[in-house]
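Data block below; observations after.
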Amino acid sequence: KKGNFEHFMQKEIHEQPDSLTMTMRGRLIRGEQRVKGVLLGGLKDHLRTIRRSRRIIFIGCGTSYNAALASRPIIEELSGVPVTMEIASDLIDRQGPIYREDTAIFVSQSGETADTLQALEYARANGALCVGITNTVGSAIARGTHCGVHINAGCEIGVASTKAYTSQIAVIIMLALALGDDSISSQRRREAIIDDCFNLPSKVRDVLKLDQDMKELAMLLMEEQSLLVFGRGYNYATALECALKVKEVSLMHSEGILAGEMKHGPLALVDETLPIIVIATRDGSSSKQQSVIQQLKARKGRLIVMCTEGDAQSMCPDGTCRVIEVPQVQDCLQPIINIVPLQLLAYHLTVLRGFNVDQPRNLAKSVTTQ
Ligand code: UD1
Ligand code: F6R
């Protein structure tokens, strides 16, 4: 069932224009006569409750947690509700407070992850509205939540989650649009995002053309011990998710770092040997990323800069960085574009290093034990 591909991970990365189309199908309303909007069948009777909740808590593990983190800023912006993030096992370890006025959103590809499921039982017992974002109809989390959204990305076989990640982000952005639906002041912003949602599959198709470039980059990096990834704002999650993919499949140490934390420790690691990816696509925090690049260069950092098409010169004026140029979309959608070349990088690193792509050492697709 791998078609023309050698591995499921590769197939699933390349499937993303279609999986994203499936995720958004029937849920986005085009403009013209009707006002542009979003229809999430599973949530329409619960939106008022979510809007009025005191807090939204995202709960998940691994890649699913990262997807929620990537979409947190747009939920905060369009709903105005404070959003907190919980790794499921940590919430359980702390028995963190959850109240009736909270909305707890459980993000899980499989819908069967033991930690997330236990956190769901805990939040439900505490009276929170429990919302699921799952890929698996009939899964334990889909059944145990009060309501939710299926991401409809199609079956994901590779242990490393790829297409589910981008579809989870797309669903949470649609949720943000639905929560903001009653605000006139954000209407323009919402319409611009919806327009770009329709463009997303073709932009993902464009960015997939970087496959060969990413293979070449992987050839350069394959002997390295470690790879750092700096991101901030919308793309802090991109840095974490890139590092997670690289470590879990290529078995190379990798760490995603919030660029704002650079001076509080990580800067000590920088020298002329350690490769560092800096995500610096255009958005409200790209000028800060530009100065991060300058500071890393001042310490002779070996930089690979991901920037918006046409920005290579301004982001790296002396031409000494390796550059990955990607098409621009609305800031909140940019993490969906940016992760694709990094998924390809993790994939090629793994193949070149000779490890098992679809069944990484010690890992299982669905973690049903604690
Ligand atoms: C639903 C149908 C879809 C049909 C569409 C037509 C299902 C699974 N989906 O999609 O086939 O084309 O109507 O209008 O039959 N839910 C949870 N927890 C979760 C995920 C979902 O409780 O984690 C609930 C939802 O609240 C909803 C139901 O499951 O009641 C289906 O969710 P979803 O598939 O996202 O709904 P639609 O997109 O409306
Ligand atoms: C990473 C990966 C894991 C899962 C995590 C949660 O590629 O696949 O980090 O994301 O085990 O799994 P789900 O989403 O099924 O709850």
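Just so it is clear, the values below take in all heavy atoms, side chains as well, and ignore hydrogens, waters and symmetry mates. Numbering of ligands and ligand atoms starts at 1, following listing order.
- Note: no N/O pair closer than 3.5 Å links Lys365 and ligand 2 by distance alone.
- Here's the thing with Thr116: none of its N/O atoms is less than 3.5 angstrom from an N/O atom of ligand 2.
- Using a 4.0 angstrom heavy-atom cutoff, Val159 counts as in contact with ligand 2.
- Remark: minimum distance from atom 14 (O) of ligand 2 to any protein heavy atom is reached at Ser64 OG, 2.5 Å.
- Only the side chain of Thr113 comes within 4.0 Å of ligand 2, judged by heavy-atom distances.
- Across Arg27, Arg25, His150, heavy-atom proximity to atom 38 (O) of ligand 1 is greatest for Arg27.
- With a 4.0 Å heavy-atom cut-off, ligand 1 is reached by no atom of Arg143.
- Atom 7 (O) of ligand 2 has its closest protein heavy atom at Glu248 OE2, 2.2 Å.
- For atom 4 (C) of ligand 2, the closest heavy atom belonging to the protein is Thr63 N, 4.1 Å.
- Of all the heavy atoms of Glu112, none lies under 4.0 Å from any atom of ligand 2, so neither backbone nor side chain is involved.
- Cation-pi geometry between Arg54 and Tyr99 is met: the NZ or CZ atom falls under 6.0 Å from the ring centre, inside 45° of the normal.
- The part of Lys245 lying near ligand 2 is the side chain, judged by heavy-atom distances below 4.0 Å.
- Taken together, the cysteine pair Cys307 and Cys316 keeps its SG atoms at least 2.5 Å away from each other.
- For ligand 1, one of its N or O atoms has an N or O atom of Thr134 under 3.5 Å away.
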